Visitor: 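Sharing a structure here in structure tokens format.
Since this is a predicted model, take the numbers as computed values, not measurements. A note on names: the letters A, B, ... follow the listed sequences, proteins ahead of strands, and every chain is numbered from 1.
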Amino acid sequence: MSQFDDHDAFEAASRPSLSQRAMAPRPSPYLDGLNPAQRLAVETLDGPVLLLAGAGTGKTRALTTRIAHLLMQGRATPGRILAVTFTNKAAREMKDRVARLLGETVEGMPWLGTFHSISVKILRRHAELVGDGTLHLKPGFTILDTDDQIRLLKQLISAENIDEKRWPARQLAGLIDGWKNRAMTPARVPAGESHAYDGRGVALYAAYQRRLLELNAVDFGDLLLHCVMIFQAHPDVLAQWQERFRYILVDEYQDTNVAQYLWLRLLAQGHRNICCVGDDDQSIYGWRGAEVGNILRFEGDFPGAQVIRLEQNYRSTPHILAAASGLIAANKGRLGKELWTEAEEGEKIRLIGHWDSEAEARWIGEEIEAFHGGHRHSIGQRSLNDIAILVRASHQMRAFEDRFMTIGLPYRVIGGPRFYERQEIRDAMAYFRLAVSPTDDLAFERIVNTPRRGLGPKALQTIQRESRDRGLSLLQGAAAALAAGALSGKGAAGLRQLVEQMGRFHADALDSRASHTDLAERILDETGYTEMWQNEKSPDAPGRLDNLKELVKALEEFDNLQGFLEHVALVMDTPEGEQAEEVSIMTLHAAKGLEYPIVFLPGWEDGLFPSQRSMDESGLKGLEEERRLAYVGLTRAEELATISFAGNRRLYGQWQSSLPSRFIDELPEDHVEVLTPPGLYNGGFGAAAQPFAQSSMHDRASHADVYNSPGWKRMQDRAAARPAPVHRAPIIIDAEPAARFAVGDRVFHQKFGTGSIMGIAEDTLTIQFPAGFKTVKANYVQPAATAAPDVTPDDVPF
DNA sequence: AACATCGCCTTTTTT
DNA sequence: AGGCGATGTT
């Protein structure tokens with residue numbers, strides 16, 4: 001509301017100083033050190049610009065400097081620049097860097113943010129324009145996340161008597177998201193797609209939208225969709241925003257979906273100063289609605305657009321770049337870029353095959369220890385923070401976690417379950433939501449019987465009936481049901497208490513004098529929610545209590561509960577604590593935008609990578625997106641990239657053998673070194689290679705590049721030169737591991753640290769750690785203060 | 001209403 | 001394998 005006034009006031013106040021500085025004829029120091037292309041990108045301010053920025057070419061630098069330049073030249077005040085990113089992280093980084101460039105002289109960039117956060121701001125101003133004569137959105141709408149969305153859809157599905165087993169809510173949610181991504185309201189869904197979801201998809205979509213309006217709620221897709229619909233239906237509103245945004249900048253343009261594209265195009269039609277930055281080769285989100293076509297079509301959409309290419313790479317060595325470029329060259333319909341670098345040649349990409357996924361994890365673990373210890377290559381001693389493992393699918397992480405756990409190698413998984421998605425956090429948030437808006441039925445349903453109050457499905461049904469009949473929210477309906485005596489026994493008492501408590505909490509939430517952190521604590525304590533976890537004996541209960549404490553602490557940064565709730569709805573970020581040295585493990589998707597000196601790329605096997613499903617569902621398009629994913633992975637590496645594949649991998653509990661990825665064949669030979677694998681038995685890779693080579697689906701010829709490469713031959717030769725494996729008694733490491741320990745032994749555990757064994761039961765140890773007694777599987781600890789009993793492949797007869 | 005068991009499905013992920 | 005959800009059992 002007052003946002004506009006604030007910004008205008010701010011602009012008026014800041015204008016003189018900015019234009020004064022623009023008057024000064026002296027050179028702008030923030031432009032120093034830009035290469036010619038970057039400089040062009042910064043200084044081409046008028047008209048549409050497409051900035052094709054390859055991996056590691058200083059894209060963010062160009063973008064932030066461009067913003068700084070706009071401000072310093074007096075072209076625009078901060079409030080007139082729209083800068084859009086996809087993630088909160090990117091938005092944060094951009095804000096920080098602009099501030100740094102300008103020496104903190106510019107306070108805020110109110111319109112620098114994610115598509116969604118900016119859409120919320122716009123939508124709050126015009127909420128009433130969404131809906132029809134009878135029902136419309138109100139500015140205080142709540143934003144539902146995926147979880148709420150699914151639960152809502154389930155209700156609608158069961159109301160329609162649809163068998164949710166045959167037609168899962170997830171599928172419907174995906175369908176609706178897909179439509180919203182393409183800016184389709186129920187009325188605009190093309191007839192050809194109306195057969196979806198047993199022919200009832202569109203009707204359910206309409207019902208869902210109706211229900212959202214009743215709840216005064218929107219989902220993530222709506223944030224964009226509603227904005228687009230408002231812009232299209234209300235030219236006056238659109239004109240106002242077009243006028244405001246004199247300059248528009250878009251990051252990661254290749255990831256925009258149709259709705260975002262329309263949103264941008266509508267806004268940009270005002271001043272036509274739009275600068276889109278992207279890289280068609282890094283488009284990896286097609287499966288969630290991104291349209292590479294948007295970037296490929298840019299010049300057609302914005303006639304007279306200038307296309308600027310950033311091609312000098314500041315990140316990777318020539319070998320890495322050449323390998324990545326060679327790989328991506330197999331894709332069709334690219335805009336085309338040629339990355340080059342002045343960096344030292346460095347080491348070739350390394351390629352290695354393993355017998356199975358466990359051997360792969362073992363080998364990578366050893367490599368990392370070698371790098372960390374400093375006894376390997378010209379690479380020198382390395383921090384674990386310099387090393388990343390990038391996998392295609394998250395289930396691959398497990399092998400690494402297991403292995404690193406046993407050898408005590410610190411690691412962290414990036415992009416794991418997010419803080420605000422944890423059950424206890426979502427429960428607590430539901431309590432807060434209900435306190436702030438007593439009409440939030442989804443929040444009510446979530447917590448009404450958590451902790452247990454004796455209110456099962458039957459009681460909930462009664463409440464729902466009561467609410468529906470009287471046109472009340474569930475919380476009000478619950479009060480009515482109690483008054484009417486429709487409930488009895490334990491449930492009635494519990495519900496009565498809850499209703500009373502929420503009434504008090506709501507009053508306090510509205511009282512600006514009351515401390516909202518105190519209120520939050522009281523809510524969790526008085527409702528018995530904290531107590532529920534205190535009484536819970538499961539091993540993760542203490543962690544959950546910690547998380548609740550952290551949640552309350554996070555509240556301190558906000559003025560009130562409302563502000564906090566809005567923040568969390570849009571910024572589902574884990575509060576990042578600075579950690580000690582750790583190897584990073586993440587998916588290739590999560591790695592986009594990051595860089596590491598040393599990168600491991602395991603699991604390059606056909607079916608896993610490229611993913612079979614991707615190819616089945618999207619054919620050549622899918623394969624090309626997978627290839628871009630490989631390109632993204634390779635270009636994360638600064639100094640050394642190591643690709644590996646395993647002949648056998650456990651998938652869904654079943655061992656499956658597989659073939660090296662077709663992407664391996666596409667790597668230019670000259671830039672790849674094929675390593676001698678640490679054979680399963682005395683390095684005999686010939687045997688390990690068998691399953692790859694003998695498949696009827698893929699004959700050897702298709703892997704000629706690899707198998708005929710010098711490295712490969714050398715490897716085979718060495719294997720042949722070795723004496724036949726000697727079968728020794730197996731050194732069994734996992735059976736009865738507890739036998740390795742005795743009561744009183746000092747042991748080390750990755751998470752809990754060093755402790756003393758207090759008890760042994762089969763493979764389960766009870767250990768006193770600094771943090772208290774824990775019961776852990778023996779596999780996860782190792783003797784303290786001595787090196788892990790490292791099992792080299794040679795020790796394990798096959 | 002709370003707990004146990006069975007069967008199903010399984011990429012990638014942000015907001 | 002394993003996690004989840006929907007059933008069946010106490």
Visitor: Can a side chain N or O of A/Arg452 be found less than 4.0 Å away from OP1 or OP2 on B/dA2?
Guide: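 Yes, within the criterion.
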Visitor: So if I apply the salt bridge (Lys or Arg N to Asp or Glu O under 4.0 Å) rule between A/Asp281 and each of A/Arg627, A/Arg334, A/Lys592, which one comes out positive?
Guide: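 It is A/Arg334, the one option of A/Arg627, A/Arg334, A/Lys592 that forms the salt bridge (Lys or Arg N to Asp or Glu O under 4.0 Å) with A/Asp281.
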Visitor: With nearest nucleotides of DNA chain B determined for A/Arg453 and A/Gly221 from heavy-atom distances, which residue corresponds to the more 5′ nucleotide?
Guide: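 Whichever sits nearer the 5' end wins; that is A/Arg453.
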Visitor: Roughly how many Å is it from CE in A/Met429 to P in B/dT15, rounded to a whole number?
Guide: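 One finds 15 Å between P of B/dT15 and CE of A/Met429, rounded.
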Visitor: C/dA1 P sits how many Å from A/Asn648 CG, rounded?
Guide: 16 Å
Visitor: Would you say A/Asn449 reaches B/dA1's phosphate, i.e. side-chain N/O to OP1/OP2 under 4.0 Å?
Guide: no
Visitor: If only side-chain N and O atoms count, and only distance matters, is there a donor-acceptor pair under 3.5 Å linking A/Asp427 with A/Thr450?
Guide: no
Visitor: Under 30°, 30 to 60°, or over 60°: which ring-plane class applies to A/Tyr420 and A/Phe564, parallel, tilted or perpendicular?
Guide: perpendicular
Visitor: Specify the separation, in whole Å, of atom OH of A/Tyr420 and atom P of B/dT14.
Guide: 15 Å
Visitor: Whole-Å distance between C/dG2 C1' and A/Gln654 CD?
Guide: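 A/Gln654 atom CD is separated from C/dG2 atom C1' by 14 Å.
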Visitor: Is it true that the side chains of A/Asp222 and A/Gln209 contain a donor and an acceptor less than 3.5 Å apart?
Guide: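 Side-chain D/A pair, A/Asp222 to A/Gln209: present.
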Visitor: Please determine, by modelled atom types, if A/Tyr631 and A/Asn331 share a side-chain donor-acceptor pair under 3.5 angstrom.
Guide: no
Visitor: Nearest-Å distance, NE2 (A/His116) to C1' (B/dT15)?
Guide: 4 Å
Visitor: Report, one pair per line, the protein and nucleotides 6-13 of chain B atoms (nitrogen or oxygen only) whose separation is under 3.5 Å.
Guide:
residue: B/dT11; atom: OP2; partner: A/Arg613; partner atom: NH1; Å: 3.0
residue: B/dT11; atom: O2; partner: A/Arg392; partner atom: NH1; Å: 3.2
residue: B/dT11; atom: O2; partner: A/Arg392; partner atom: NH2; Å: 2.6
residue: B/dT11; atom: O4; partner: A/Glu617; partner atom: OE1; Å: 3.4
residue: B/dT12; atom: OP1; partner: A/Ser394; partner atom: N; Å: 2.6
residue: B/dT12; atom: OP1; partner: A/Ser394; partner atom: OG; Å: 2.2
residue: B/dT12; atom: O4'; partner: A/Arg392; partner atom: NH1; Å: 3.1
residue: B/dT12; atom: O2; partner: A/Trp287; partner atom: NE1; Å: 3.4
residue: B/dT12; atom: O2; partner: A/Arg392; partner atom: NH2; Å: 3.0
residue: B/dT13; atom: OP1; partner: A/Thr587; partner atom: OG1; Å: 2.3

Visitor: Do A/Gln254 and A/Glu252 meet the criterion of a side-chain donor-acceptor pair at a distance under 3.5 Å?
Guide: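 A donor-acceptor contact under 3.5 Å links the two side chains.
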Visitor: Starting at atom CD of A/Glu421, determine the distance to atom P of C/dC4, rounded to an integer number of angstrom.
Guide: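 Taking atom P of C/dC4 as the reference, CD of A/Glu421 is at 13 Å.
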Visitor: Would A/Glu401 and A/Tyr411 count as having a side-chain donor-acceptor pair, cut-off 3.5 Å?
Guide: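 Present: a donor and an acceptor within the cut-off.
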Visitor: Separation of A/Glu358 atom CD from C/dA1 atom C1', in whole Å?
Guide: 13 Å
Visitor: How many whole angstroms separate atom CZ of A/Arg151 from atom P of C/dA6?
Guide: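 Atom CZ in A/Arg151 sits about 13 Å away from atom P in C/dA6.
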